[in-house]
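Comments concern the structure below.
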Amino acid sequence: MDRHNKECEYGKDNIKAVTANFHFQSFGEYRTLLELFNLTAEEVKRIHNGILYSVTDEKGNKVGRPFKSSLFGKWAGYEALQKYYETSKLAVEKTKIRESLRPIISKAMQEAKSEDDFRLRLRKKHIGVVVRKNEQGRIYGVTFIDYQNCTVINGSRLGKEFSANAFHDLFNQEHNLFEYKDEIKDITGFSNQENQKNQVNQGLDSGSIFGLLDVSPSGSNDHEEENFVREQERQRKKIQKKRGRKM
């Protein structure tokens, strides 16, 4: 089997796993999930609408030739996805996933001291976050992946308080700008993408069902924030001191 055929089989297996186990209500949400498997897709709107799939590298760049959805089967095509969006919408409404996610995300937004801290807080709740930024660093999209409920959902779908603009303002507050962000590491030891891939696979293996616990939001006071900043400054100086010894 040549490389192109191997890539085709790789794509087919992962795309099928995604569509069989996760809920998503738009093409954007679908593509976000595919990216965790080093895959991407694009809509081709001509006389007959279609989907082209591509394998990507770790940086998200396309590798090799794209694949027509017909190579995988009708279940991966444009019309099948349109029906799947509607099925997912009904499932999300029936199980009230949005109502479950809002207080959890709101609580993390109120208590997090940085974007990295926000990610870690949600990760402990088995929720992944994909933040999209332009070259200027402006956030233009935020998508949440609820691994426990196997659902991908854009922030704007949860409400305007969870939109890209809301998170851009939140993450760019003065107390969130740390000079040593590159020193903050994932508590699991994996990169963000690797960790989210692992959570997807765990969800597929365990056959997770819907049922997040409701968490009421609570704020943090100024005293806690001041203590946090002082502790972070102490850690930054400690890191700089260690670097000085190595030089």
Side-chain angles (χ1 to χ4, degrees), residues 3-93 97-98 101 128-136 138-147 149-160 162-165 167-168 192-193 196-197 199-201 203-204:
R3 178 180 176 182
H4 190 65
N5 288 334
K6 287 182 179 179
E7 290 176 349
C8 183
E9 288 301 315
Y10 168 82
K12 179 178 179 180
D13 291 343
N14 285 294
I15 293 168
K16 202 163 189 175
V18 165
T19 55
N21 292 278
F22 278 83
H23 294 304
F24 43 85
Q25 302 173 65
S26 69
F27 184 71
E29 292 171 349
Y30 177 52
R31 186 166 52 190
T32 295
L33 188 56
L34 288 178
E35 289 171 354
L36 300 182
F37 291 90
N38 291 110
L39 294 166
T40 190
E42 58 183 307
E43 292 181 320
V44 179
K45 295 188 176 181
R46 297 172 182 169
I47 298 177
H48 298 289
N49 295 326
I51 305 291
L52 284 178
Y53 293 94
S54 299
V55 175
T56 62
D57 59 22
E58 292 300 323
K59 295 183 178 180
N61 299 314
K62 296 177 182 178
V63 177
R65 292 176 290 169
F67 304 96
K68 293 182 179 180
S69 60
S70 57
L71 290 176
F72 305 137
K74 290 184 178 181
W75 54 267
Y78 183 88
E79 293 183 1
L81 286 176
Q82 299 304 311
K83 294 179 180 178
Y84 198 81
Y85 302 152
E86 293 302 317
T87 301
S88 293
K89 180 180 179 181
L90 293 175
V92 169
E93 291 177 351
I97 292 178
R98 284 175 299 186
L101 285 176
V129 186
V130 176
V131 178
R132 301 190 185 279
K133 301 178 182 179
N134 61 21
E135 294 180 354
Q136 290 72 42
R138 176 78 190 186
I139 294 176
Y140 65 86
V142 178
T143 304
F144 299 96
I145 304 176
D146 183 347
Y147 297 107
N149 293 311
C150 295
T151 300
V152 185
I153 190 164
N154 287 333
S156 58
R157 205 181 293 281
L158 297 174
K160 63 179 181 180
F162 304 102
S163 65
N165 287 336
F167 282 101
H168 181 79
N192 182 50
Q193 187 182 47
Q196 294 203 45
K197 285 182 185 177
Q199 293 215 41
V200 169
N201 291 328
L204 298 180

Residue list, side-chain hydrogen bond (donor to acceptor under 3.5 Å, both in side chains) with Arg31, at least two apart or on another chain |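 Not a single residue meets the side-chain hydrogen bond (donor to acceptor under 3.5 Å, both in side chains) criterion with Arg31.
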As an exercise, state the distance from [atom1] of [X] to [atom2] of [Y], rounded to the nearest 0.5 Å.
{"X": "Leu101", "Y": "Thr151", "atom1": "CG", "atom2": "OG1", "result": "7.5 Å"}
{"X": "Ser88", "Y": "Glu93", "atom1": "OG", "atom2": "CD", "result": "11.0 Å"}
{"X": "Lys74", "Y": "Glu79", "atom1": "NZ", "atom2": "CD", "result": "8.5 Å"}
{"X": "Asp146", "Y": "Phe22", "atom1": "CG", "atom2": "CZ", "result": "9.0 Å"}
{"X": "Arg157", "Y": "Thr143", "atom1": "CZ", "atom2": "OG1", "result": "9.5 Å"}
{"X": "Asn154", "Y": "Phe162", "atom1": "CG", "atom2": "CZ", "result": "13.5 Å"}

With a 4.5 Å limit on heavy-atom distance, are the side chains of [X] and [Y] in contact?
{"X": "Ile15", "Y": "Trp75", "result": "yes"}
{"X": "Asn38", "Y": "Val63", "result": "no"}
{"X": "Arg138", "Y": "Asn165", "result": "yes"}
{"X": "Val18", "Y": "Phe37", "result": "yes"}

Hey, could you give me each pair passing side chain to side chain donor-acceptor pair (under 3.5 Å) that has a residue in residues 40-56? Not counting sequence neighbours.
->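 Qualifying pairs: Tyr30-Tyr53, Glu42-Lys62.
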Over all atoms of both residues, closest heavy-atom pair of Ala164 and Gly141 |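 It is CB-N, 3.6 Å.
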Any idea which heavy atoms bring Phe67 and Phe72 closest together, and the distance?
->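 For Phe67 and Phe72, the tightest heavy-atom pair comes out as CB-CZ, 3.9 Å.
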Let me see the working for Arg132 and Thr32 under side-chain contact (heavy atoms from CB on, under 4.5 Å), right down to the final yes or no.
-> CA-CA 10 Å; Arg132 301 190 185 279; Thr32 295; 3.0 Å; yes
Look at the side chain of Asn21 and the backbone N and O of Ala17, then say whether any donor-acceptor pair between them is shorter than 3.5 Å.
->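 The answer is yes, because a donor-acceptor pair under 3.5 Å joins these two groups.
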Check the pair Leu81 / Ile51 against side-chain contact (heavy atoms from CB on, under 4.5 Å), numbers first and verdict last.
-> CA-CA 10 Å; Leu81 286 176; Ile51 305 291; 4.0 Å; yes
Answer yes or no: does atom CD of Glu135 have more than 12 heavy-atom neighbours from other residues, nucleotides or ligands under 6.0 Å?
->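 No - once you tally the heavy atoms of other residues, nucleotides and ligands closer than 6.0 Å, there are 12 at most.
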Would you confirm whether the ring centroid of Tyr84 sits within less than 6.0 angstrom of the ring centroid of Phe24?
->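 Distance test on ring centres: under 6.0 Å, yes.
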